[in-house]
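A short write-up of the structure that comes next.
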Amino acid sequence: MKIIEVTDTNDFAIKSVEFFEKFVTHNSNSLITLPTGNTPLPFYEKMLGAYKKNNKINKFIYLSLDEYYGLEPDDHRLFANWLDREILTPIGVSPSNRITINSACNDVEKFCQKFEGQIESKGGIDLAIIGIGGNGHIGFNEPGSDLNSPTHKVELTQETITSNAEYWGSEDAVPKSAITIGIGTLKKAKNTLLLVRGANKAEIFKATLSNEISSAVPSTYLQEQNNLTIIADKEAMKLL
Ligand code: GLP
């Protein structure tokens, strides 16, 4: 595990882009998950600048990490659409280089199997870029999730619905269920980059690194993750 401590938001963005650019340059057409949430936004903003200098930065295949369940393809709340607006279209990742979770699928089990098959056919996840929820969720693997599960459907906890209300204005606008890549699949990622930012993540970041590995705090699986890099700011690291 390598922890890169950054001083402020700008430094966070610079170090994240440096890591990403180096990775895609050395591993072209790799399968990469990108997180949503507030944490990665400075990283994506900085990536737009990097793309102007290096237009090969878009040579990767975007893989959905998690997605709300039951929304139509044009819904602005879909994480795939959020990332499309924020980063994928601005840097020119073509739709054919995106493997996304079908929020509107009727047969969830069948869809999840197909999605896992798509990951396998690409040789697995090359780089899982992830954030962390205040309750230790990774993707939408909420506390209590099986740490060996593949992609599956989950019911969101009240804590997650409350925190996600920040993105969409109210809790009513937050879907109550989701489909997420499971921890079992994330564990098999060849490389992982965890992004952590802000004082509100200090407690869960400490628990992630020091609690016993258990589904009570899903992010604890990272303690045994191979090729894990963490980019964290001073605020998030203050309890370590
Ligand atoms: C969201 C997403 C996660 C994200 C996390 C942290 O609910 N499902 O993929 O990493 O919560 O979000 P934020 O960065 O806004 O704290």
Side-chain angles (χ1 to χ4, degrees), residues 1-9 11-13 15-16 19 33-43 65-68 79 125 127-167 171 174 176-240:
M1 177 189 307
K2 180 181 173 193
I3 301 185
I4 300 173
E5 185 179 346
V6 296
T7 48
D8 55 22
T9 307
D11 195 24
F12 169 86
K15 298 286 183 348
S16 307
F19 181 97
T33 68
L34 297 175
T36 48
N38 289 322
T39 304
L41 295 181
F43 161 44
L65 171 65
D66 53 359
E67 189 57 272
Y68 294 127
F79 285 170
I125 300 172
L127 174 61
I129 307 183
I130 53 177
I132 188 172
N135 61 3
H137 73 220
I138 297 287
F140 271 135
N141 290 275
E142 297 279 40
S145 298
D146 178 353
L147 299 186
N148 292 309
S149 62
T151 301
H152 62 289
K153 183 168 175 256
V154 290
E155 300 307 312
L156 300 182
T157 60
Q158 184 55 45
E159 188 177 351
T160 294
I161 292 167
T162 303
S163 73
N164 278 217
E166 199 190 314
Y167 313 142
E171 288 190 10
V174 181
K176 307 298 178 275
S177 57
I179 293 176
T180 185
I181 296 183
I183 301 282
T185 304
L186 289 171
K187 274 183 187 172
K188 290 187 268 180
K190 290 168 209 154
N191 298 275
T192 300
L193 174 65
L194 171 68
L195 302 175
V196 202
R197 208 162 58 80
N200 62 336
K201 294 291 170 68
E203 256 180 55
I204 195 62
F205 188 37
K206 183 178 180 222
T208 297
L209 298 185
S210 55
N211 280 20
E212 192 184 328
I213 297 175
S214 105
S215 63
V217 181
S219 54
T220 51
Y221 86 93
L222 291 166
Q223 291 172 27
E224 291 184 343
Q225 189 65 8
N226 289 327
N227 300 320
L228 169 66
T229 302
I230 300 173
I231 299 180
D233 70 1
K234 277 188 185 309
E235 294 283 282
M237 289 186 71
K238 69 181 181 185
L239 297 178
L240 294 185

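All residue numbers refer to positions in the sequence shown, counting from 1. What you see below is based on every heavy atom in this structure, not just the backbone, and it leaves out hydrogens, waters and symmetry mates.
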Requested in this report: Search all heavy atoms of Pro35 against all heavy atoms of Pro40 and return the closest pair with its distance.
Outcome: O-CG, 3.5 Å

**Report entry** Whether Lys15 side chain and Ala13 backbone form a donor-acceptor pair below 3.5 Å
**Finding:** no

Query raised in the report: For Ala189 and Ala128, which heavy atoms make the closest approach, and how far apart are they?
Result: CB-CB, 3.9 Å

Report summary line: Tightest non-hydrogen contact, residues His152 and Pro150, listed as ND1-O, 2.7 Å

Report task. Give the intermediate values and the outcome of side-chain contact (heavy atoms from CB on, under 4.5 Å) for residues Tyr167 and Val174. Result -> CA-CA 9 Å; Tyr167 313 142; Val174 181; over 6 Å; no

Query raised in the report: Between Thr220 and Ser214, is there a donor-acceptor pair closer than 3.5 Å when you use the side chain of the first and the backbone of the second?
Result: yes

Requested in this report: For Glu224, look at atom CD and say whether over 12 heavy atoms of other residues, nucleotides or ligands are found less than 6.0 Å away.
Outcome: no

Query raised in the report: Does the side chain of Asn141 come within less than 4.5 Å of Val154's, by heavy atoms?
Result: no

**Report entry** Within-4.5 Å side-chain heavy-atom neighbours: Ile230 and Phe205
**Finding:** yes

Query raised in the report: About how many Å separate CG of Leu65 and CD1 of Ile129, when rounded to the nearest 0.5 Å?
Result: 10.0 Å

Query - Rounded distance (nearest 0.5 Å) linking atom CG of Asp8 with atom CG of Asp233 - result: 8.5 Å

Report task. Decide whether Glu159 and Ser163 meet the rule of one side-chain donor and one side-chain acceptor closer than 3.5 Å. Result -> no

Report task. State, with a plain yes or no, whether a side-chain heavy atom of Ser215 is found less than 4.5 Å away from one of Pro143. Result -> no

Query raised in the report: Going from CG on Asn227 to CG on Leu193, what distance comes out if it is rounded to the nearest 0.5 angstrom?
Result: 12.0 Å

Report task. Check the pair Ile213, Leu147 against side-chain contact (heavy atoms from CB on, under 4.5 Å), reporting the backbone distance first and the verdict last. Result -> CA-CA 9 Å; Ile213 297 175; Leu147 299 186; 4.0 Å; yes

Query raised in the report: Which heavy atom in Leu156 sits nearest to a heavy atom in Ala178, and how many Å separate them?
Result: CD2-CB, 3.9 Å

Query - Verdict with supporting geometry, Tyr221 and Ile138, side-chain contact (heavy atoms from CB on, under 4.5 Å) - result: CA-CA 10 Å; Tyr221 86 93; Ile138 297 287; 4.0 Å; yes

Requested in this report: Would you list the pairs meeting ring pair (Phe, Tyr, Trp, His ring centres under 6.0 Å) in which at least one residue belongs to residues 129-151, sequence neighbours left out?
Outcome: Tyr68-Phe140, Phe79-Phe140, His137-Phe140

Report task. Report the residue from Leu195, Val196, Leu239, Thr208 that forms a side-chain contact (heavy atoms from CB on, under 4.5 Å) with Lys201. Result -> Val196

Query raised in the report: Should we count CD of Gln223 as having more than 12 external heavy atoms under 6.0 Å?
Result: yes

**Report entry** Spacing of CD belonging to Glu235 relative to OG1 belonging to Thr7, to within rounding of 0.5 Å
**Finding:** 11.5 Å

Requested in this report: Can you run down the side chain to side chain donor-acceptor pair (under 3.5 Å) pairs that involve residues 181-196, sequence neighbours left out, and say none if there aren't any?
Outcome: Glu116-Thr185, Asp126-Lys190, Asn148-Lys187, Thr192-Gln225

Report summary line: Heavy atoms of Thr9 and Pro42 approach each other most closely as CG2-CG, 3.5 Å

Query - Nearest-0.5 Å distance, CD1 of residue Ile130 to CD1 of residue Ile183 - result: 7.5 Å

Report task. Please assess Lys206 against Leu240 for the test side-chain contact (heavy atoms from CB on, under 4.5 Å), listing each intermediate value before the final yes or no. Result -> CA-CA 6 Å; Lys206 183 178 180 222; Leu240 294 185; 4.1 Å; yes

Report summary line: What one should report as the nearest heavy-atom pair of Arg197 and Thr39 is NE-O, 3.0 Å

Requested in this report: Give, for atom CD1 of Ile125 and atom CD1 of Ile181, the distance between the pair rounded to the nearest 0.5 Å.
Outcome: 4.5 Å

Query - Electrostatic pair Lys234-Glu5, nearest N-O below 4.0 angstrom - result: yes

